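Notes follow the structure.
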2 protein chains.
Amino acid sequence: MDFRTQIINASAESYEKFLPHISVDTVVFGFDQGSLRILLLKMNYNKEWFLPGGYVGKEEDTDEAVKRVLYERSGVKDIFLEEFAVFGNPQRSQQSFADYPDTLWNKQRFISIGYYALVNYKHVVPQPDSLSETCQWIDFKDITELNITMDHRKIISKALRTLRERLSYKPIGYNLLPDKFTLSDLQGLYETVLGKKLNRGNFYRKMKNMGILQKLDEQRKGGAHKAPDLYKFNVETYKNILQEGLNTW
Amino acid sequence: MDFRTQIINASAESYEKFLPHISVDTVVFGFDQGSLRILLLKMNYNKEWFLPGGYVGKEEDTDEAVKRVLYERSGVKDIFLEEFAVFGNPQRSQQSFADYPDTLWNKQRFISIGYYALVNYKHVVPQPDSLSETCQWIDFKDITELNITMDHRKIISKALRTLRERLSYKPIGYNLLPDKFTLSDLQGLYETVLGKKLNRGNFYRKMKNMGILQKLDEQRKGGAHKAPDLYKFNVETYKNILQEGLNTW
DNA sequence: ACAAAAGTGTTAAACGTACACCCATGA
DNA sequence: TCATGGGTGTACGTTTAACACTTTTGT
């Protein structure tokens, strides 16, 4: 079956299953080897890169829809999600699928609800959908060079801004790091998200004072030099701080 | 024409004009006489209170839709708006209009995009729509007693939480106060939004250091005691601070 | 005169930042 | 033994919070 037939068949099915005019797009952040990455797909149709996204089932919760989509793309359930913006410009997707019938599902005007997700890089097995030639982790610093579809670059950039803002009053890491991690891992994550170096000693104290870390009786062996201590998050405290935030005024 | 006919007629028209399944709801904050108020309407149909809201035209930008709705309800254009959450639970509006046909526009499942707006209380002339018996400012501290429809109470409370959070890194006031105001006015606003007293001297200095205030050569006459100085916002600086930290890479 | 308003001073605590030193330990 | 990691001390500047005092001025 060629692309065209495939797209047109999918279109009919989508009209059956989903709410029209509403889409969700997700910026999935992962962290590995000291670099921040996001999950991107590459369209068969026009070779443009785009965010994992989809549509909301007629009786489905919006958040659930995002989880479903992300499960299909990554094999991970129970992903940490947060809605961060709505992209409702009527022209935002106009140019795509010009050579398809106007009744094509994909040619509707879509209002897209932007989510970001924080996931453990190692748990993810990126899986392209039927209309994409690849789904893979892209290093954040490389995305400027990519040909990105529609307003997806704008969505990505807004997501990162939101994540950085959020970082000042809520911790991250629980969803981005493995269960056991070292202080260097955590600091590296913060440095990557914030895009700047932090002082090690101060970072150590800050984290310690927050009370979200729990030291384990293990070290990470195998590397050169001293084996670093492993930590895990104190889930109770961590979730509390997520709820309350850290107050000013 | 009775309510029923009216609602059914409006339904047909809505199918023509608007995107299905998408609504917008707005928490309009106003400030007067030291108290924070929001704009609420009371439904003719079942006497429940609800937020000013509406639907998005088939070729209309989401933000524009909200502005249009708010213009109809308040007579004010160019309102300060911010999207803060999406309410996408498929059951969120199920119970309403039980005695109407299932094809009624209003009985669709709606995903609602939540906005909050900050407006100058005095510029607003609340106007009920054709299905409401009233549209009026409600003091924030009185809303607990009201019978509020669907999940609108949740929407309101989430809006206030977002506004408070925002207050810690961005100024408010420009959209909530008259052009000319006193320092007490401004401090009262902050105290009301935050729900606690602030120290006058420190507040004065903080505002002064922010550089967003411009002292006028006028005082507010007429009250007892010393006439307070009037200020206005330095719009340049104010808007700069609103943007601050939002760098695209 | 009185009370509200504007503006300033002062102080202690809290916090962020920078740097530097100690010890432990795996290869 | 040396590079890395963990942990702590200390010093400095900035910010915040709390409080108090002064001066101005409208009624």
Side-chain angles (χ1 to χ4, degrees), chain A residues 33-34 164-165 167-171 173 177-178 180-191 193-234 241 244-249, chain B residues 33-34 164 167-171 173 177-178 180-191 194-234 241 244-245:
Chain A
Q33 321 253 78
R164 281 189 180 157
E165 220 168 82
L167 197 53
S168 58
Y169 55 98
K170 286 179 179 177
L177 292 172
K180 300 172 183 182
F181 52 90
T182 68
L183 276 177
S184 305
D185 292 341
L186 186 61
Q187 182 172 347
L189 170 61
Y190 270 75
E191 289 177 343
V193 172
L194 291 172
K196 62 176 177 185
K197 290 275 165 227
L198 301 172
N199 178 282
R200 192 184 52 80
N202 298 334
F203 183 80
Y204 167 77
R205 256 174 301 221
K206 179 154 188 163
M207 288 301 143
K208 188 174 180 177
N209 291 338
M210 256 200 257
I212 57 175
L213 291 184
Q214 194 174 318
K215 192 175 184 166
L216 300 172
D217 275 342
E218 292 176 72
Q219 286 81 33
R220 173 179 297 162
K221 309 270 184 181
H225 317 302
K226 182 187 174 185
D229 296 351
L230 286 169
Y231 289 79
K232 65 171 188 172
F233 283 106
N234 180 335
I241 296 185
E244 305 297 324
L246 306 170
N247 294 337
T248 343
W249 286 90
Chain B
Q33 322 253 79
R164 281 191 180 153
L167 197 55
S168 59
Y169 57 98
K170 287 179 179 175
L177 292 172
K180 301 170 181 183
F181 54 88
T182 69
L183 276 176
S184 305
D185 291 341
L186 186 60
Q187 183 173 346
L189 170 61
Y190 270 74
E191 289 177 343
L194 292 171
K196 62 177 175 183
K197 290 275 163 224
L198 301 171
N199 178 281
R200 193 186 52 77
N202 297 335
F203 183 81
Y204 166 78
R205 257 175 300 220
K206 178 150 190 163
M207 287 301 143
K208 188 172 179 177
N209 291 338
M210 254 199 259
I212 57 175
L213 292 183
Q214 192 173 322
K215 193 176 184 167
L216 301 171
D217 275 342
E218 291 176 75
Q219 286 79 35
R220 174 180 295 163
K221 310 270 182 181
H225 317 302
K226 180 187 174 184
D229 297 351
L230 285 169
Y231 290 80
K232 65 171 187 172
F233 283 107
N234 181 335
I241 296 186
E244 197 172 294

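Just so it is clear, the model here is predicted, and its values are computed rather than measured. Letters A, B, ... are given to chains in the order of the sequence lines, protein chains preceding strands, and every chain is numbered from 1.
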Whole angstrom value for the distance that separates C1' of dC15(C) from CE of Met210(A): 13 Å
Atom pair distance, as rounded to whole Å: CZ in Phe181(B) and C1' in dA6(C): 15 Å
Gap between atoms NZ and C1', on Lys197(A) and dT17(C) respectively (whole Å): 17 Å
Gap between atoms NZ and C1', on Lys196(A) and dA18(C) respectively (whole Å): 14 Å
Arg220(B) (side chain) donor-acceptor with Leu230(B) (main chain) under 3.5 angstrom: no
d(CG, Asn209(A); C1', dG16(C)) in whole Å: 12 Å
Check against side-chain contact (heavy atoms from CB on, under 4.5 Å), Arg200(B) and Gln187(B): CA-CA 8 Å; Arg200(B) 193 186 52 77; Gln187(B) 183 173 346; 3.5 Å; yes
Note, Met207(B) side chain near Leu186(B) side chain (heavy atom, < 4.5 Å): yes
So which protein nitrogen or oxygen atoms get under 3.5 Å of nucleotides 9-14 of chain D's nitrogens or oxygens?
unit_1: dG9(D); atom_1: N7; unit_2: Arg205(A); atom_2: NH1; d: 3.1
unit_1: dG9(D); atom_1: O6; unit_2: Arg205(A); atom_2: NH2; d: 2.8

Atom pair distance, as rounded to whole Å: CE in Met207(B) and C1' in dT15(D): 15 Å
Test item: Lys232(A) and Leu216(A) side chains (from C-beta on) under 4.5 Å apart, heavy atoms: yes
Rounded interatomic separation in angstrom, taking CG from Leu216(B) and P from dA6(C): 12 Å
Donor-acceptor under 3.5 Å (Glu191(A) side chain, Leu198(A) main chain): yes
Restricting to nitrogen or oxygen on both sides, can you table the protein-nucleotides 2-6 of chain D pairs closer than 3.5 Å?
unit_1: dG5(D); atom_1: N2; unit_2: Lys226(A); atom_2: NZ; d: 3.4
unit_1: dG6(D); atom_1: O3'; unit_2: Asp229(A); atom_2: OD2; d: 3.4
unit_1: dG6(D); atom_1: N7; unit_2: Arg200(A); atom_2: NH1; d: 3.1

Contacts of Lys215(B) that satisfy salt bridge (charged side-chain N to carboxylate O under 4.0 Å, His left out) - sequence neighbours left out: Asp229(B)
ring-ring contact (aromatic ring centres under 6.0 Å, His included): pairs with one or both residues in residues 202-230 of chain A, sequence neighbours excluded: Tyr190(A)-Phe203(A)
Residues forming a ring pair (Phe, Tyr, Trp, His ring centres under 6.0 Å) with Phe233(B), sequence neighbours excluded: Phe181(B), Tyr238(B)
Set of residues satisfying salt bridge (charged side-chain N to carboxylate O under 4.0 Å, His left out) with respect to Lys180(B), sequence neighbours excluded: Glu218(B)
Length of the NZ-P vector between Lys206(B) and dA18(D), whole Å: 13 Å
